[in-house]
Number of protein chains: 2
Amino acid sequence: MICHIDAGNGIPIYEQIERQVKFAVANGWLLVGERIPSVRDLATQTAVNVNTVSRAYRDLQQQGVLIAIRGTGMVISGQAPQICKQDRLEMIRERLRSVLQEALQNQISVGEIRTLVDDEWHQLSQDQKTDEA
Amino acid sequence: MICHIDAGNGIPIYEQIERQVKFAVANGWLLVGERIPSVRDLATQTAVNVNTVSRAYRDLQQQGVLIAIRGTGMVISGQAPQICKQDRLEMIRERLRSVLQEALQNQISVGEIRTLVDDEWHQLSQDQKTDEA
DNA sequence: GCTAGTGTCATACCACGCTATTACAGTAGT
DNA sequence: ACTACTGTAATAGCGTGGTATGACACTAGC
């Protein structure tokens, strides 16, 4: 599991981890029963403190996505796929709404938004390809 | 000048104020030479502390949007419209990019994004109309 | 000159996110 | 049993955003 942390987007690190785990489950990159990286491994890999990762895992546990087995590790729960697939678009939708709300309140038109979306999407797609290369 | 503060969108209050002043200038709701509300007035009106408003005004001053006249108030600068019009779409673009980046990294398709945008825009437009009524 | 209004500054306090460090309890492999 | 891992927890410290409060210097209107 690869985890990208963006320090400058305003979202707390522990929440970014939670979201990415959920996306990974929803997309089938993490399967039911599969172990996720230990808190120490993920902390080292993402250059983040153990406590921060631990908080994310604890939250995911309380949401029913993870199951902790003390001394062994943490595992994707059986109900996780259902939960995560349900949240998949909602997580994006909520962030999107906040941006659109500001745009609408300030006289930006639907057309401007649409071109903005297409432009940025195109740009990001190419960035992603060059990253992979 | 009416100012809406959203406490739950992750953007610092002082930054929200800055953005809304800029939008107001870009849209011609605030004209060059016009006085903006005093720090105490805006603080009371938005239920925010004076220092927070003051910080927003100070930032806008350093960006060349406002001019402070000690003992009198603050005024929209001559170069403000140019600056603010230039930033108008950029401010939205940056927030939008952050959301699209997350979407792209997690296998959301352009189609899903487009329908999300249209749905939410439609929803927000109606909300705004009912607010005005 | 007095008063009421400006912006500005300093101090203290709190909540939150994050880090660093240490320690503890449990499991698995040898 | 020993070792090397797991998750969990407590503590202390830092930076930032926000509040509350009080004080200062300045200006405009009466």
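Excluded from the calculations below are hydrogen atoms, water molecules and symmetry mates; all remaining heavy atoms, backbone and side chain alike, are included. Below, chain A is the first sequence line, B the second, and so on; all start at residue 1.
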Enquirer: To the nearest Å, give me how far apart CD1 (A/Ile17) and C1' (C/dT19) are.
Expert: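 In whole Å, C/dT19 C1' lies 13 Å from A/Ile17 CD1.
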Enquirer: In whole angstroms, how far is the P atom of D/dT8 from the CG atom of A/Leu60?
Expert: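 Atom-to-atom, A/Leu60 to D/dT8, this comes out as 11 Å.
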Enquirer: Quickly work out the A/Asp59 CG to D/dG7 P distance and round it to whole Å.
Expert: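 Computing the A/Asp59:CG to D/dG7:P distance gives 15 Å.
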Enquirer: Of the nucleotides D/dT19, D/dC26, D/dT8, which has the atom closest to the B/Arg70 side chain?
Expert: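 For B/Arg70, the side-chain atoms sit closest to D/dC26.
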Enquirer: Between A/Glu94 and A/Arg97 (salt bridge meaning N to carboxylate O under 4.0 Å), is one present in this structure?
Expert: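 Answer for the salt bridge query: no.
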Enquirer: Could you check whether A/Ile69 gets within reach of a base, just the sugar-phosphate, or nothing at all, counting any heavy atom under 4.0 Å?
Expert: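 Contact class for A/Ile69: none.
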Enquirer: What's the CG-P distance between A/Asp6 and C/dC18, to the nearest Å?
Expert: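 From A/Asp6 CG to C/dC18 P: 12 Å.
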Enquirer: State whether the side chain of B/Gln20 and the backbone N or O of B/His4 hold a donor-acceptor pair below 3.5 Å, judged by distance alone.
Expert: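 Yes, because the side chain of B/Gln20 sits within donor-acceptor range (under 3.5 Å) of the backbone of B/His4.
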Enquirer: Answer with yes or no whether B/Asn51 presents, from its side chain, a donor or acceptor under 3.5 Å of a partner atom in the base of D/dT21.
Expert: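 Side chain to base: pair present.
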Enquirer: Find the distance B/Gln16:CD to D/dG17:C1' and express it as a whole number of Å.
Expert: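 Whole-Å distance recorded here is 12 Å.
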Enquirer: Taking only the side-chain nitrogens and oxygens of A/Ser54, find out if one of them lies under 4.0 Å from OP1 or OP2 of D/dG7.
Expert: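 For D/dG7, neither OP1 nor OP2 has a side-chain N or O of A/Ser54 closer than 4.0 Å.
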Enquirer: Taking NZ, NE, NH1 and NH2 as the nitrogens, is one of them in A/Asp87 or A/Arg19 under 4.0 Å from a carboxylate oxygen of the other?
Expert: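 The answer is no: the pair does not qualify as a salt bridge.
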Enquirer: Output the rounded distance in Å from CD1 (B/Ile13) to P (D/dT16).
Expert: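 Rounded to whole Å, this separation is 17 Å.
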Enquirer: Give the rounded distance in Å between these two atoms: CG of A/Asn9 and C1' of C/dG17.
Expert: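 Atom-to-atom, A/Asn9 to C/dG17, this comes out as 14 Å.
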Enquirer: Spell out yes or no: do the side chain of B/Arg55 and the base of D/dG17 have one donor N/O and one acceptor N/O closer than 3.5 Å?
Expert: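 Answer no: no donor N or O sits under 3.5 Å from an acceptor.
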Enquirer: Of the listed nucleotides (D/dT19, D/dG7, D/dA23), which one gets closest to any side-chain atom of B/Arg40?
Expert: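 The closest nucleotide is D/dA23.
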Enquirer: Between A/Gln61 and D/dT8, does any side-chain N or O lie under 4.0 Å from OP1 or OP2?
Expert: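 Answer yes for this pair, as a side-chain N or O of A/Gln61 is under 4.0 Å from OP1 or OP2.
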Enquirer: Please determine whether any donor N or O and acceptor N or O are separated by less than 3.5 Å between the side chain of A/Arg58 and the base of D/dG7.
Expert: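 No pair found.
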Enquirer: With a 4.0 Å cut-off on N to O distance, would you call A/Arg114 and A/Asp118 a salt bridge?
Expert: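 Not counted as a salt bridge, because no side-chain N and carboxylate O are separated by less than 4.0 Å.
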Enquirer: Below the 4.0 Å mark, does C/dG26 have OP1 or OP2 next to a side-chain nitrogen or oxygen of A/Thr72?
Expert: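 The answer is no; no side-chain N or O of A/Thr72 sits under 4.0 Å from OP1 or OP2.
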Enquirer: Is there a donor-acceptor contact under 3.5 Å from the side chain of B/Gln101 to the main chain of A/Leu124?
Expert: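 Looks like no, no N/O pair under 3.5 Å.
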Enquirer: Are the side chains of B/Asn27 and B/Arg88 in touch, meaning some heavy atoms are under 4.5 Å apart?
Expert: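 The answer is yes; the side chains approach within 4.5 Å.
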Enquirer: With a 3.5 Å cut-off and no angle check, do the side chains of B/Arg35 and B/Thr72 form a donor-acceptor pair?
Expert: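 B/Thr72 and B/Arg35 do not have a side-chain donor-acceptor pair below 3.5 Å.
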Enquirer: Near DNA chain D, under 4.0 Å by heavy atom, which residues of residues 42-50 of chain A?
Expert: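 Under 4.0 Å from DNA chain D: no residue of residues 42-50 of chain A.
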Enquirer: Starting from P on C/dT27, measure out to CZ on A/Arg35 and report it in whole angstrom.
Expert: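 One finds 14 Å between P of C/dT27 and CZ of A/Arg35, rounded.
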Enquirer: Are B/Thr130 and B/Gln126 packed together at the side-chain level, in the sense that at least one heavy-atom pair is separated by less than 4.5 angstrom?
Expert: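 A side-chain contact is absent here, since even the closest heavy-atom pair is not under 4.5 Å.
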Enquirer: Can you see if the side chain of B/Tyr14 gets near the phosphate of D/dG17 - specifically, an N or O under 4.0 Å from OP1 or OP2?
Expert: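 Yes, because at least one side-chain N or O of B/Tyr14 sits under 4.0 Å from OP1 or OP2 of D/dG17.
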